[in-house]
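Since the structure is predicted, the reported quantities are computational estimates derived from the model, not experimental observations. In the text below, chain A, chain B and the rest are named by the order of the sequence lines, each starting its count at 1.
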Amino acid sequence: MTDPAAANPGSRPPPAVAIRKLTTQLGSKRIFDGIDLEVPRGSVTAIMGPSGTGKTTLLRHLTGQLAFDSGRVTVLGEDIGQLHHEPLYRLRRRMGMLFQHGALLTDLTVFDNVAFPLRENTDLPEPLIRTLVLLKLQSVGLRGAAGLMPAELSGGMARRVALARAIALDPELMLYDEPFVGLDPIAVAAVVELIITLNRTLGVTSLVVAHEIEHLRRVADRLVVLADGGIIADGPFDQVQADPSPMVQQFLRGLSDGPVPFHYPAAPLTDELGIGGAT
Amino acid sequence: MTALKDLFSSLLDFIQRLGAMGSFLMRILRVLPGSLRRFDMHLRQLWFIGAMSLTIIIISGLFVGLVLGLQFYSALNQFGASGALGTLTALSLYRELSPVVAALLFSGRAGTAITAEIGLMRSTQQIEAMEMMAVDPIRHVVAPRFLAATIALPLLCVVFSALAIMGAHWSAVLWLGLDNGTYWSSMVGSVDLVDDLLAGVFKALVFGVLVALIAAYQGYHAKPTGEGVAYATTRTVIHSAIAILAFDFVLTAFMM
């Protein structure tokens with residue numbers, strides 16, 4: 001992984017993301033209960049956790065799409081809680097997000113989808129936009145698909161086009177929401193390669209939310225496990241996998257029962273069926 | 001007591017939604033001038049929302065006119081007043097029928113399309129993706145559709161009137177034998193451009209704003225699921241119909 005600190009020795013660059021005492025309540029459910037997390041610039045951090053523990057919510061806090069109850073979230077040096085409208089949009093131009101299903105604009109071609117953020121956010125002349133779009137598409141291997149509509153793409157291709165679009169403005173921070181879901185092994189390999197390349201060649205800081213530990217191990221240098229409103233494990237992969245906590249072990253080894261129970265809370269089965277030997 | 005409480009809370013809910021809609025309208029109006037920079041988007045929406053509604057408006061207008069010709073002729077003929085058929089047809093169309101019927105048809109054709117389209121964009125995360133690309137979806141998605149619907153409905157209302165007058169001419173003059181000259185001269189003699197025709201077009205303009213606002217609001221705030229979009233589409237038709245009829249009453253009372 002690239003190390004920006006090496007470029008300017010002496011001064012440690014501020015983290016790309018800094019979260020302090022973040023608390024979030026959605027309806028009656030407490031999602032985060034005062035978590036702290038720091039993501040250094042140029043790193044790739046994997047975020048895992050059982051469903052419903054707020055992985056996507058965390059990403060939405062970082063983009064300012066969802067307000068949090070208390071705490072402080074700093075992204076690329078900006079305090080998200082203080083930003084509205086124009087300053088927030090300015091910050092978002094410095095970040096890219098890969099959505100779970102790509103979220104391509106269905107009424108635009110592949111080319112126009114990748115050109116969209118460039119046309120909307122810059123005053124670049126059209127010939128230059130064309131060059132940039134073709135280069136981005138080339139980097140995901142889909143220059144030949146520039147004229148296709150999103151409906152004509154396979155799931156893996158759509159994800160790659162979405163990635164090309166997300167990096168169109170050369171973001172400093174990339175957020176990946178379940179980038180491997182529903183892809184065949186070849187497409188997964190392509191996405192893994194792209195995440196690694198982006199980080200190594202451009203030093204893009206990345207946060208990857210996913211469940212596939214074997215893929216995450218290849219792209220990320222650090223694993224953060226969320227559960228029960230907090231961070232239950234954080235560190236290099238080997239260290240986290242050796243973590244003795246039963247919750248971490250249950251999750252990483254994929255055991256159906258453990259601290260996260262297999263059964264949704266309910267009265268004892270014998271009571272419910274009326275066949276109990278109750279006195 | 002509970003019934004009263006329910007009534008009160010649903011009233012409160014209604015007022016709250018009106019407020020939310022008002023602020024949604026303000027958001028649209030605020031970004032509308034900026035969105036005009038992308039004129040091609042507006043033109044495309046005007047085509048989809050306006051031109052694509054022409055078929056239903058033309059066919060319905062023709063049939064409404066045909067029926068008016070038949071009904072008015074048989075009613076007026078009893079009093080030997082069939083000479084007033086042109087006047088009656090034109091006034092009822094310009095003042096009431098064209099704006100209201102065209103708006104109701106428009107909410108079914110274009111309003112539902114707007115809701116479904118925006119709702120689907122929401123459920124497939126396209127709206128979110130735009131926000132992430134620092135593009136305001138209100139400016140890019142909602143404003144062009146809103147403006148297109150507002151422009152299209154008054155025009156469609158005029159088309160509806162024209163076709164209905166032709167329809168009435170067809171049934172009353174060509175079938176039932178009303179004098180051609182009487183039909184047209186009674187119309188020309190008693191219709192006022194401002195009080196009748198433009199008043200109706202103004203109504204259509206107001207209905208256009210209503211349908212566009214309701215449809216866009218429902219789509220934009222639809223639950224991001226298939227079921228949510230389906231519900232939102234249904235609500236667009238119901239809310240539009242009620243709003244059109246209620247506003248028609250208010251506008252008519254003011255214009256009298």
For the interface with chain B, which of A:Leu169, A:Leu88, A:Asp107 has the highest count of heavy-atom pairs at distances below 4.5 Å? A:Asp107
Report yes if the side chains of A:Arg93 and B:Met133 come closer than 4.5 Å at any heavy-atom pair, otherwise no. no
Among A:Arg92, A:Glu86, A:Arg165, which residue forms the greatest number of heavy-atom pairs with chain B at distances under 4.5 Å? A:Arg92
Flag if over 12 foreign heavy atoms under 6.0 Å of CZ, A:Arg143: no
Got a sec: does the OH of B:Tyr231 have more than 12 other heavy atoms crowding it under 6.0 Å? no
If I measure from the heavy atoms of chain B, does A:Leu104 come under 4.5 Å with its side chain, its backbone, both, or neither? backbone
Chain B heavy atoms under 4.5 Å from A:Arg60: which part of the residue, side chain, backbone, both or neither? side chain
Exceeds 12 heavy-atom contacts within 6.0 angstrom, atom CD of B:Glu227: no
Heavy-atom pair of closest approach, residues A:Gln100 and B:Gln125: N-OE1, 3.9 Å
Select one option (side chain, backbone, both, neither) describing which atoms of B:Arg37 are under 4.5 Å from chain A's heavy atoms. neither
Can you check whether A:Tyr89 reaches B:Asp136 side chain to side chain, under 4.5 Å on heavy atoms? yes
Crowded around B:Arg235 CZ? As in, over 12 foreign heavy atoms under 6.0 Å? yes
I want to check something: taking the side chain as every heavy atom from C-beta on, are B:His140 and A:Glu120 in contact at a cut-off of under 4.5 Å? yes
What is the minimum heavy-atom distance between A:Leu105 and B:Gln126, and which atoms define it? CA-OE1, 3.2 Å
Crowding at CZ, B:Arg109 (>12 non-hydrogen neighbours, <6.0 Å): yes
When A:Met97 is tested against each of B:Glu131, B:Met132, B:Glu128 for side chain to side chain contact (heavy atoms under 4.5 Å, CB included), which residue passes? B:Met132
